Amino acid sequence: MTLQNGCVTGSTAYLWADTAVFHGETGDCIGFDTKVFELLNFPAAGTLSCHGGNPHEIALAIGRALPFNVSSLLSAAVEALRAYCSAGGGGRVLLASNIGGPALHMVASDQIWPGYAPFEPVELQSYTSSGNQTPAYVAAVQNGFTPESMARVIDAQIAEPSEGAGKLALLGPRVWIGGNIVQYAVSSNGVESRVLRNVDSEAA
């Protein structure tokens, strides 16, 4: 489990992720690692939320595919996630790109929205991985997602326990966000990142 948020605001696509890594059966935090990858040949980045294997395999497969536009990026993400899940895992890849304009897409191994099959890319204006009933989220939906409103949503996500995925669902509601919260801004000029806040002092 992880923080996996994104939105499109003006001319920029944004992603947010945490850095805590949780044990796939006990739910214990076992360390800190990046959950984001960046493309080298055009402005794009992706966040990974997976269980059952090493999510870096997905990022590596997408990079090896050398996508050259959004369509080929989505195809590479679908193939990489399918290969990852073939061993029995599951996952979601949230992609922000900015070639011909900002865009946000989700590729998930499960069915998130009615009318969209697993592994079918879905274009979004915003996405949050939890906390969709919080006042901060409701306000962001009403007033529009911005980096400032998303920061308030993330604060609410950290404060509110949620169900885990896979075997972790058996552990009951917990806070599955930790380490550092990192924001990625994908503009037409490239990708910039900054640490938004620290959740665990051990990760600072």
Side-chain angles (χ1 to χ4, degrees), residues 2-20 33-50 55 58-59 62-63 65-78 80-81 91-108 112-113 116 120-132 134-158 177 179-199 203:
T2 189
L3 172 74
Q4 187 179 44
N5 292 4
C7 73
V8 173
T9 301
S11 61
T12 306
Y14 291 92
L15 296 172
W16 289 265
D18 70 333
T19 60
D33 196 5
T34 182
K35 301 175 183 178
V36 181
F37 62 92
E38 299 178 28
L39 266 67
L40 298 178
N41 49 340
F42 69 90
T47 62
L48 303 167
S49 177
C50 304
I58 298 172
I62 293 173
L66 297 176
F68 57 90
N69 57 22
V70 175
S71 178
S72 61
L73 172 61
L74 295 177
S75 296
V78 169
L81 186 58
R92 298 176 180 179
V93 183
L94 186 63
L95 298 162
S97 59
N98 208 322
I99 179 172
L104 185 72
H105 291 86
M106 170 64 79
V107 178
I112 305 178
W113 300 279
Y116 292 92
E120 181 179 357
V122 180
E123 185 167 7
L124 306 164
Q125 284 298 115
S126 65
Y127 176 81
T128 55
S129 55
S130 64
N132 293 356
T134 63
Y137 176 84
V138 173
V141 170
Q142 292 175 343
N143 301 318
F145 279 92
T146 64
E148 293 74 23
S149 65
M150 188 64 84
R152 292 189 288 272
V153 172
I154 292 170
D155 288 342
Q157 289 175 292
I158 292 170
I177 299 171
N180 290 321
I181 307 300
V182 188
Q183 173 184 292
Y184 293 79
V186 184
S187 72
S188 59
N189 295 322
V191 181
E192 295 184 354
S193 64
R194 71 182 184 95
V195 175
L196 185 65
R197 62 166 288 189
N198 175 261
V199 181

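Numbering starts at 1 and runs along the sequence shown. Please read these numbers as outputs of a predicted model, since none were measured by experiment.
- At a threshold of 4.5 Å between non-hydrogen side-chain atoms, the residues Pro67 and Leu39 count as touching.
- A 4.5 Å side-chain heavy-atom check between Leu73 and Ile62 finds at least one atom pair inside the cut-off.
- Annotation: side chain of Phe68 is not in contact with side chain of Leu66 (no heavy-atom distance under 4.5 Å).
- To the nearest 0.5 angstrom, Ile177 atom CD1 is 8.0 Å from Ile154 atom CD1.
- In Glu192, the CD atom is not crowded: 12 or fewer heavy atoms of neighbouring residues, nucleotides or ligands sit closer than 6.0 Å.
- When all heavy atoms are compared, the tightest approach of Ala65 to Ala76 is CB-CB, 3.7 Å.
- Trp113 is listed as a side-chain neighbour of Leu124, based on a closest heavy-atom distance under 4.5 Å.
- Annotation for Thr12 and Pro102: closest pair C-CB, 3.8 Å, computed over non-hydrogen atoms.
- Scanning both residues, Trp16 and Pro147, for their nearest heavy atoms gives CZ2-CA, 3.9 Å.
- No donor-acceptor pair closer than 3.5 Å links the side chain of Gln183 to the backbone N or O of Arg194.
- Taking every heavy atom of both residues into account, Gly46 and Leu95 meet most closely at CA-CD2, 4.0 Å.
- Using a 4.5 Å heavy-atom threshold, the side chains of Thr47 and Val93 count as separate.
- Within the 3.5 Å criterion, the main-chain N or O of Ala103 finds no donor-acceptor partner in the side chain of Asn98.
- Closest approach of Tyr127 to Leu94, counting heavy atoms only: CD2-CD2, 4.0 Å.
- Of the inter-residue distances, the one linking Met150 atom CE with Leu15 atom CG reads 9.5 Å to the nearest 0.5 angstrom.
- Side-chain atoms of Asp33 never come within 3.5 Å of backbone atoms of Thr19 as a donor-acceptor pair (strictly under, hydrogens ignored).
- For the pair Lys35/Ser49, no side-chain contact is recorded, criterion being any heavy-atom separation below 4.5 Å from C-beta on.
- A distance of 9.0 Å separates OG in Ser71 from NE2 in His105, rounded to the nearest 0.5 Å.
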Exercise. Apply side-chain contact (heavy atoms from CB on, under 4.5 Å) to Ile181 and Leu3, showing your working.
Key: CA-CA 8 Å; Ile181 307 300; Leu3 172 74; 3.8 Å; yes
Practice problem: Start with the C-alpha gap between Leu81 and Ile58, add the side-chain angles, then the distance that decides, and say whether side-chain contact (heavy atoms from CB on, under 4.5 Å) holds. | Solution: CA-CA 6 Å; Leu81 186 58; Ile58 298 172; 3.8 Å; yes
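- In this structure the side chain of Asn180 never reaches within 4.5 angstrom of the side chain of Asp18, judged on heavy atoms.
- When all heavy atoms are compared, the tightest approach of Ala140 to Val153 is CB-CG2, 4.1 Å.
- Atom CG in Leu74 sits 8.5 Å away from atom CD in Glu123 (nearest 0.5 Å).
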Self-check item: Steps toward side-chain contact (heavy atoms from CB on, under 4.5 Å) verdict (Glu38, Val186)
Solution: CA-CA 10 Å; Glu38 299 178 28; Val186 184; over 6 Å; no
Quiz prompt | Verdict with supporting geometry, Phe145 and Tyr137, side-chain contact (heavy atoms from CB on, under 4.5 Å) | solution = CA-CA 9 Å; Phe145 279 92; Tyr137 176 84; 3.7 Å; yes
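- Contact check for Gln4 versus Met106: side-chain heavy atoms found under the 4.5 Å cut-off.
- Here the side chain of Asn5 pairs a donor or acceptor atom with the backbone of Ser129 at under 3.5 angstrom.
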